[in-house]
Enquirer: 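Here it is: the structure, laid out below.
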Amino acid sequence: GFFINPVNSQCTPCLANCQTCNSTTSCTACNVPSLLQENSCVSRCLPGFYQTGFTCSRCSDGCAYCDGQFICTICSPGRLEYNGYCPTTCPPGSVANSERTKCVPCNSPCLTCSGHPSRCTSCSACCGSLFNNECLTSCPVGTYSVNATCQYCSHNCASCIGTLSTCTACPVGKFLY
């Protein structure tokens, strides 16, 4: 291929394997079987790119190797693998594994978790209330559930329901009235 050189208005040849170009450094199409990757012709896509037809396209952000736009196989250092993507932090409902290489789902019944898949920070709607990073079907004595979280009863109550001061039992030596 050739292009018209703007300096001397002469037809100037493109680089080797370049079928069409708009300068000596910028290919727009390559001779088969070469692939176009960022204005250059290559024999195969370099790391960080994937092949679509006769073009090499860049992998998604943070991806070192991929099989497609959203199919990352190896993330860049400092990134976590998650469903073909490479986020810097895990999305809600997942947490980094112990090697900090990928996001793993929170264990049921955790809706969200932190530090470990079984360390719940919230519970699934089906599965009780949060207390000490666990999802319990009922709150322990001395606590009551509000917004799916076990809260401590007032010090005047041994147990309570609905609010911290609606006692259902009193501490030893006190009486309910």
Side-chain angles (χ1 to χ4, degrees), residues 35-40 42-174 176:
L35 307 170
L36 181 65
Q37 180 176 310
E38 295 190 333
N39 303 320
S40 296
V42 295
S43 58
R44 65 186 180 101
C45 297
L46 297 175
F49 292 84
Y50 63 96
Q51 184 176 338
T52 51
F54 289 102
T55 303
C56 296
S57 300
R58 188 174 290 281
C59 297
S60 58
D61 187 41
C63 184
Y65 293 89
C66 64
D67 292 334
Q69 185 177 9
F70 301 113
I71 309 168
C72 191
T73 53
I74 300 175
C75 293
S76 301
R79 295 297 188 108
L80 300 156
E81 292 177 34
Y82 179 75
N83 293 344
Y85 295 91
C86 298
T88 53
T89 59
C90 293
S94 65
V95 65
N97 65 353
S98 57
E99 297 85 18
R100 296 220 26 93
T101 56
K102 62 179 159 182
C103 299
V104 295
C106 297
N107 292 336
S108 182
C110 299
L111 179 64
T112 58
C113 55
S114 175
H116 186 276
S118 294
R119 188 173 186 267
C120 303
T121 54
S122 67
C123 303
S124 298
C126 68
C127 306
S129 298
L130 184 68
F131 183 74
N132 290 341
N133 300 110
E134 289 184 56
C135 296
L136 306 175
T137 53
S138 60
C139 291
V141 173
T143 67
Y144 68 102
S145 181
V146 61
N147 297 326
T149 303
C150 297
Q151 303 289 327
Y152 284 98
C153 299
S154 163
H155 68 283
N156 294 325
C157 301
S159 63
C160 61
I161 189 167
T163 70
L164 70 120
S165 58
T166 306
C167 300
T168 56
C170 296
V172 175
K174 300 216 179 206
L176 193 59

Enquirer: Considering all heavy atoms of both residues, which atom of R44 and which atom of L35 are nearest to each other, and what is their separation?
Expert: CA-CD1, 3.8 Å
Enquirer: Atom SG of C72 and atom CG of N83: how far apart are they, to the nearest 0.5 Å?
Expert: 12.0 Å
Enquirer: Should C167 and C157 be marked as a disulfide bond (SG atoms under 2.5 Å apart) after you check the CA-CA gap, both sets of side-chain angles, and the distance that decides it?
Expert: CA-CA 5 Å; C167 300; C157 301; 1.8 Å; yes
Enquirer: From C45 SG over to L36 CG, what is the distance, rounded to the nearest 0.5 angstrom?
Expert: 10.0 Å
Enquirer: Restricting to non-hydrogen atoms, name the atom on C127 and the atom on C123 that form the minimum distance, rounded to 0.1 Å.
Expert: O-CB, 4.4 Å
Enquirer: Take C86 and C63 through the disulfide bond (SG atoms under 2.5 Å apart) test and state the conclusion after the steps.
Expert: CA-CA 6 Å; C86 298; C63 184; 4.5 Å; no
Enquirer: As a test of understanding, state which of D61, T89, T88 forms a side chain to side chain donor-acceptor pair (under 3.5 Å) with R79.
Expert: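 In the set D61, T89, T88, the residue that makes a side chain to side chain donor-acceptor pair (under 3.5 Å) with R79 is D61.
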Enquirer: Taking T112 for the side chain and P92 for the main chain, is one N or O donor matched with an acceptor at less than 3.5 Å?
Expert: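 Not at all, since once roles are kept as given, no pair shorter than 3.5 Å links the two residues.
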Enquirer: Rounded at 0.5 Å granularity, tell me how far OG1 in T149 sits from CG in L136.
Expert: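 The distance works out to 11.0 Å.
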Enquirer: Distance from N132 atom CG to R119 atom CZ, nearest 0.5 Å?
Expert: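 Going from the CG atom of N132 to the CZ atom of R119 covers 10.0 Å.
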Enquirer: Nearest heavy-atom pair of V146 and Q151: which atoms, and what distance?
Expert: CG1-CG, 3.1 Å
Enquirer: Taking all non-hydrogen atoms of both residues into account, name the closest pair between L80 and A96 and its distance.
Expert: CD2-CB, 4.1 Å
Enquirer: Does any part of the side chain of L46, heavy atoms only, come nearer than 4.5 Å to the side chain of C56, both counted from C-beta?
Expert: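 Contact flag for C56/L46 side chains = no.
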Enquirer: How long is the span from the SG atom in C66 to the CD atom in Q51, to the nearest 0.5 Å?
Expert: 12.0 Å
Enquirer: Does a side-chain heavy-atom distance below 4.5 Å link Q69 with T52?
Expert: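 No, every pair of side-chain atoms sits at 4.5 Å or beyond.
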Enquirer: For C150 and C139, is the interatomic SG distance under 2.5 angstrom?
Expert: yes
Enquirer: Is the closest side-chain donor-acceptor distance between T166 and T163 under 3.5 Å?
Expert: yes
Enquirer: Can you see which heavy atom on Y152 is nearest to which on Y144, and at what distance?
Expert: O-CE2, 3.6 Å
Enquirer: Y50 and R58: which non-hydrogen atoms are nearest, and at how many Å?
Expert: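 Closest pair (atom of Y50, atom of R58, distance): CE2-O, 3.4 Å.
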Enquirer: Evaluate the side-chain proximity of S154 to L164: yes if any heavy-atom separation is below 4.5 Å, no if none is.
Expert: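 Heavy-atom side-chain distance check passes, below 4.5 Å.
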Enquirer: Under a 4.5 Å cut-off applied to non-hydrogen side-chain atoms, are V95 and V104 in contact?
Expert: yes
Enquirer: Tell me if a side-chain donor or acceptor on S124 pairs with a main-chain N or O of C126 at a distance below 3.5 Å.
Expert: no
Enquirer: Would you sort out whether C113 and C106 count as a disulfide bond (SG atoms under 2.5 Å apart), showing the intermediate values?
Expert: CA-CA 6 Å; C113 55; C106 297; 2.0 Å; yes
Enquirer: Main chain of Y65, side chain of T73: is a donor-acceptor contact present, judged purely on distance under 3.5 Å?
Expert: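 Flag set: sc T73 to bb Y65 pair under 3.5 Å.
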Enquirer: If I take atom CG from residue N107 and atom SG from residue C120, how far apart are they, to the nearest 0.5 angstrom?
Expert: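 N107 atom CG to C120 atom SG measures 8.0 Å (nearest 0.5 Å).
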